[in-house]
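Numbers restart at 1 for each chain; the letters A, B, ... are given by sequence-line order, proteins then strands. Atom set for the values below is all heavy atoms of this structure, side chains included, hydrogens, waters and symmetry mates excluded.
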Amino acid sequence: MLYKELCEIYEELEKNPSRLAKTTILSNFLKKLKHEKNKEIIYLIQGKAFPDYSEKEFGISEQLCIKALSKASGISSKEIVNKWRKIGDLGKVAEEVMTKKKQNTLFSHKLTTEKVLDNLKKLPELIGKGTVDKKMSLISELLTSSSGIEAKYIIRILLSDLRIGVASGTIRDAIVESCLEKNEENTKAVQESYDKANDLALVFEKACKGIGSLNETELIPGHPLKVMLALKAESIQDGFERVGKPAVFEYKYDGFRMLINKDEKGKVKIFTRRLDEVTKQFPDVVKYIEENIDAKTFILDSEAVGYDPKTKRYKPFQDISQRIRRKYDIEKLEKELPVEINVFDVLYYNGKSLLNEPFQKRTELLRKIIKNKKYRIQSSHQLITDDEKKAEEFYKQALKDNQEGVMIKNLTAPYKPGARVGYMLKLKPAENEFDLVITGAEYGTGKRAGTLSSFTLSCYDKANDKFLEIGKASTGLKEKEEEGLSYTELTNLLKHLITHETGREVIVKPKIVVRIIYQNIQRSPTYESGFALRFPRITHLRPDRTPKDVATLKEVIEEYKRMELKIEY
DNA sequence: ATTGTCTGCCCC
DNA sequence: ATTCTGC
DNA sequence: GCAGAATGGGCAGACAAT
């Protein structure tokens, strides 16, 4: 297929915001794709070159795209970045500079989807010295034989960000429309096939053959499965209203998600939330599984939490994050930063999928098959109740035990891989606040192109009469002026305070004070204050405060210590 | 050999 | 992770 | 209510530059 044809579809999708319209455009395209041999083109619709479960990486992002664009167009990197600041989309910058270039050179239009896929697939294979240059050639080859529009999408796909408003849900609906009769049963069949396969090209091929083929897709232990995600609850009462009574309450642990598999051959495999395999990084966990779970095959959903091996004190996420991508010194880390596995669901057991079984059944089974061993592996701490007071106590206990909060679950619900569902909720305590002064900012991208969109925050170091950076915030502001403090309003306030501009970043005079809410204070290697905020959000302006009225470094340190103490128990 | 920059459908 | 928005 | 698109801190690893 000509790449140009695909790009026309991208353009159509980008233009039409309605999901129904997108589905129609896509399904018409898929009807054509049915007759193509290479169904991998569907990966290009997803903005990638491999199926979801693949761990292959391009190793290319913004900086290298800027370099590649500069090379292919002959325009300096600095100028490319300037355009990027104004346009907010490296894809569109590519379109502009390559269109100009094309006016001067003759070129025959022959770029095919196969060629694009070919070059993209070569990127992850390159390793060692000289890699970057080789990658640059592969990209340049594509860019120089591209029209402006084609260049736009070459760049966007390299950034894994197509910006066409299409994700798996829309593609699922389009597959149904193009291959099957549009009804609930068929949609469910496609979704469930995708949940198990994590490969849309494969699902599309099956859908072409009919619902029978889709329903043959099996859940196989040892193959990655997407995890189910939770929505936020406002309170215990809100939780009960949304999941019903009685409800299941479980501790919400501050660690990382682990999908633990034991396959037909008895091999244990561990996957993260994003389907990366991390078995090698956690030999300790493999051992716990082998020793404490007596079953032939299974898939478990769990959270790994770190603790201090001496004091047995639970550690915050930041401390164990070293383990997740580790390749070297794994044995050493295993001893220094042990993890405890808290299992909260079982999705497959001894040859049978449990995805459609009610949660009550799954959680009861789970408690039968795990031999609880504290600091190694255990079923997550749980309370099933219809009593708000008891639930409230359980929640308080979770916080006292140094956990993030509780999960609230419906007893009858199935397990929906990859979905954020209303019958699994998370509840965390109210957050902390600081007033901080804005000392810098960065121009945004996409829908926030041309306005400042990320704001550098500083506290005040009274002793040295200096402002010290303590992090950035970008969320919490409104897109529309009428709704509250908006990006444009804040941009206008900061505009005439700008003292320096480099690329997309600006430095501003410390004048504008904002109220920030955050979840935690962490030690920081990147900010000059030595601290950073976890999950910072801007709520509103504090025009009544002068820059020197903001939180002082001393106050930040005190607050940090106060939080540390809470961890001690 | 050391330091700096960049990347990650990263983890949260 | 959090948040906002359009559908 | 959901999906999509913006963006946060911080980590290890890989490669380039010095």
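- Close to D:dC11, at under 4.0 Å from its OP1 or OP2, lies a side-chain N or O of A:Gln318.
- Mapping A:Leu231 and A:Arg326 onto DNA chain D by nearest heavy atom places A:Leu231 at the nucleotide closer to the 5' end.
- The side chain of A:Ser160 contributes no N or O atom lying less than 4.0 Å from OP1 or OP2 of B:dG8.
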| Can you check side chain to side chain contact (heavy atoms under 4.5 Å, CB included) on A:Arg163 and A:Thr445, steps first, answer last? | CA-CA 11 Å; A:Arg163 298 175 195 265; A:Thr445 63; 3.8 Å; yes

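- A donor-acceptor pair under 3.5 Å links the side-chain atoms of A:Tyr487 to the main chain of A:Ser474, judged by distance alone.
- In this structure, A:Thr526 reaches the D:dG10 phosphate: one of its side-chain N or O atoms is under 4.0 Å from OP1 or OP2.
- A:Arg273 comes within contact range of the sugar-phosphate backbone alone, with a heavy-atom separation under 4.0 Å but no base atom that close.
- Under 4.0 angstrom from either OP1 or OP2 of D:dA3 there lies no side-chain N or O belonging to A:Lys22.
- The side chain of A:Ser18 places no N or O atom within less than 4.0 Å of a non-bridging phosphate oxygen (OP1 or OP2) of C:dG6.
- The side chain of A:Tyr328 places an N or O atom within less than 4.0 Å of a non-bridging phosphate oxygen (OP1 or OP2) of D:dA14.
- At a threshold of 4.0 angstrom between heavy atoms, the contacts of A:Leu533 are confined to the sugar-phosphate backbone, with no base atom among them.
- The side chain of A:Ser168 places no N or O atom within less than 4.0 Å of a non-bridging phosphate oxygen (OP1 or OP2) of D:dA3.
- Considering only side-chain N and O atoms, A:Arg448 lies nowhere under 4.0 angstrom from the phosphate OP1 or OP2 of D:dA5.
- In this structure, A:Ile164 reaches the sugar-phosphate backbone alone: every heavy-atom distance under 4.0 Å involves primed, P, OP1 or OP2 atoms, never a base.
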| query | Are A:Asp284 and A:Arg323 close enough, and set up right, to give a salt bridge (charged side-chain N to carboxylate O under 4.0 Å, His left out), and what steps lead you there? | reply | CA-CA 12 Å; A:Asp284 42 348; A:Arg323 288 201 61 179; 2.8 Å; yes

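- With a 3.5 Å ceiling on both atom-pair distances, the Watson-Crick or G-U wobble partner of D:dG10 is B:dC10.
- Residue A:Gly255 is classed as a sugar-phosphate contact, given heavy-atom separations below 4.0 Å to backbone atoms only.
- When atom types are taken as modelled, the side chain of A:Asn492 and the backbone of A:Thr488 share a donor-acceptor pair closer than 3.5 angstrom.
- Take the nearest nucleotide of DNA chain D for A:Gly471 and for A:Arg420: the residue whose nucleotide is more 5' is A:Arg420.
- Between A:Gln519 and the phosphate of C:dT2, there is a side-chain N or O to OP1/OP2 separation shorter than 4.0 Å.
- Taking the six-membered ring for Trp and the full ring otherwise, A:Tyr560 and A:Phe531 have centroids separated by under 6.0 Å.
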| Does the pair A:Asn432 and A:Met563 meet the rule for a side chain to side chain contact (heavy atoms under 4.5 Å, CB included), with working shown? | CA-CA 11 Å; A:Asn432 308 289; A:Met563 284 183 169; 3.1 Å; yes

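- Looking at heavy-atom distances under 4.0 Å, A:Phe256 makes contact with sugar-phosphate atoms alone, never a base.
- Between A:Lys478 and the phosphate of C:dC4, there is a side-chain N or O to OP1/OP2 separation shorter than 4.0 Å.
- The nucleotide D:dA16 finds its pairing partner in B:dT3, both defining distances of the Watson-Crick or G-U wobble pair being shorter than 3.5 Å.
- In this structure, the nucleotide among D:dG10, B:dG8, B:dC11 sitting nearest to the side chain of A:Ala532 is D:dG10.
- Contact annotation for A:Asp52: base contact, defined as any heavy-atom pair under 4.0 Å involving a base atom.
- Within the 4.0 angstrom heavy-atom criterion, only backbone atoms of the sugar-phosphate kind lie near A:Ile127; the bases stay farther away.
- Dashed line: the shortest gap from a side-chain N or O of A:Ser453 to OP1 or OP2 of D:dT7 is under 4.0 Å.
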